[in-house]
Amino acid sequence: VNIKEYISSGVVESYVLGLLTAQERFEFEKYCEAYPELKEARTAFELALEKQAMENSVAPPAHLKQKIAAKIFDENKTTPVIPIQTARQGKFNWASFVAAASIILLVGSIWWIMNLKNENDKLKDNNAALQNSLKTSQDSIAQIIAEANHIQKEGMKMVGLNGTANSPKSFATVYWDTYLT
Amino acid sequence: LGILFCLPFDQLLEPKTKYSEQELVVLLNEQSNDAFNYLYDNYSGAIYTIINQVVSDKDTANDVMQEVFVNIWRKINTYDATKGRLFTWMLNIARNAAIDKVRSKGYRDNQRNQPIAEGEDKGIAMSSNPAVSDVGLKKVLTTLNEEYRKLIDLSYFQGFTHEEIAKMMGIPLGTVKTRIRTAISQLRKMI
């Protein structure tokens, strides 16, 4: 690029006044880095524009400064207030969250306890039934042992009785306590 | 207590020095009271003038003024000194804010109830506020010929793109571009 031609093309002024497209602006900024004279031309126009603008300025109404300052500094002041408000809201939400969680936890616990109790009752019933059947079995065994002891007692005689003519197939075993006779 | 004593003391000693732009940028980034005072006292006139060259209604101009200072205050950390001077940056914020306001629906609806502005030609109104049209850049504009003056007015003060201007005035885009460049080059010599 012929930088002299470029500088005198009006691109410098267009750039400063904000009249270039994004593409042209990008290009201009790139050339500014490469060509110090372009940057000088830019600064020169900026200074001239600034001087012209300063010399020909009209003062705004006096009340405006106070209003703008209030707007700017009130905003700065309210900025820390906003997090506090949200923090408050956050705390409030947190508290209700905890409350809701507690209730859910409580209901859950009760349900869990009821389940455990049911299960426990069932186990108790089962246990009682088992105890019962165990006792019955033990009683039966005790009875069997008692009978066996009785049969094996000294003096006890076992006599096999064959069937009679009336009932030849009949058979009886007789235990006879010889000590008692 | 230290702070209580320091504040008024600081203000008593308020330096009347002229800050360089770099110093002012640093000061603005600190967001201090002094920074605002200096900024406003030194630049409000120039900024108010550019706003009034775009916006014709006083109350609206005051609103835009407030908007512009709030924007400068908030966006100072985005200002890049390698791309131009602080003043240029502020001037463009002001011009853009004013153009945005004029193009906003609320403003246009409001203006519809106002008497038709002077300087209408082929349906293209010149942006003008009689009270301030003869100061600042507008004053320089009056020295240009009518053709160039209109082009600068449409692009700079009314924010129309070159394409829009080409359509409005019924001339080719390339011609619009070269004429605006020429007009602007002439402006430079006058400034």
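Every chain is numbered from 1, with letters handed out A, B, ... down the list of sequences.
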Measure distances from [X] to the heavy atoms of chain B and classify the residue's part below 4.5 Å as side chain, backbone, both or neither.
| X | value |
| --- | --- |
| A:Glu13 | both |
| A:Lys39 | side chain |
| A:Ala59 | backbone |

*Do we see a donor-acceptor contact under 3.5 Å between the side chains of B:Ser32 and B:Asp34?*
no
*Distance only, no hydrogens: is a donor on one side chain within 3.5 Å (strictly under) of an acceptor on the other, for A:Thr21 and A:Glu24?*
yes
*Among A:Tyr6, A:Phe28, A:Phe26, A:Tyr31, find the residue that satisfies the ring pair (Phe, Tyr, Trp, His ring centres under 6.0 Å) test when tested with A:Tyr15.*
A:Phe28
Taking side chain as everything from C-beta outward and backbone as N, CA, C, O, which of these in [X] sits under 4.5 Å from a heavy atom of chain A? Side chain, backbone, both or neither.
| X | value |
| --- | --- |
| B:Glu21 | side chain |
| B:Tyr40 | side chain |
| B:Asn96 | neither |
| B:Asn92 | side chain |

So which of [options] has the largest heavy-atom pair count under 4.5 angstrom toward chain B?
| options | result |
| --- | --- |
| A:Ala48, A:Pro60, A:Gly10, A:Ser9 | A:Pro60 |
| A:Arg42, A:Met54, A:Lys51, A:Glu33 | A:Arg42 |
| A:Arg25, A:Lys65, A:Glu29 | A:Lys65 |

*Report the option among B:Gly159, B:Ser185, B:Ser155, B:Gly84 that has the most heavy-atom pairs separated by less than 4.5 Å from atoms of chain A.*
B:Gly84
_Working note: A:Ile68 + B:Met65, criterion side-chain contact (heavy atoms from CB on, under 4.5 Å); need CA distance, chi angles, decisive distance, verdict._
CA-CA 8 Å; A:Ile68 292 173; B:Met65 185 79 169; 3.8 Å; yes
*Taking the six-membered ring for Trp and the full ring for Phe, Tyr or His, determine whether the centres of A:Phe73 and B:Trp73 are under 6.0 Å apart.*
yes
*Listed by chain and number, what are the side chain to side chain donor-acceptor pair (under 3.5 Å) partners of B:Arg179, not counting sequence neighbours?*
B:Glu147
_Set of side chain to side chain donor-acceptor pair (under 3.5 Å) partners for B:Tyr43, sequence neighbours left out_ = none
*Is there a chain of hydrophobic side chains (I, L, V, M, F, W, Y, each step under 4.5 Å between heavy atoms) that links A:Met158 to A:Val174?*
no
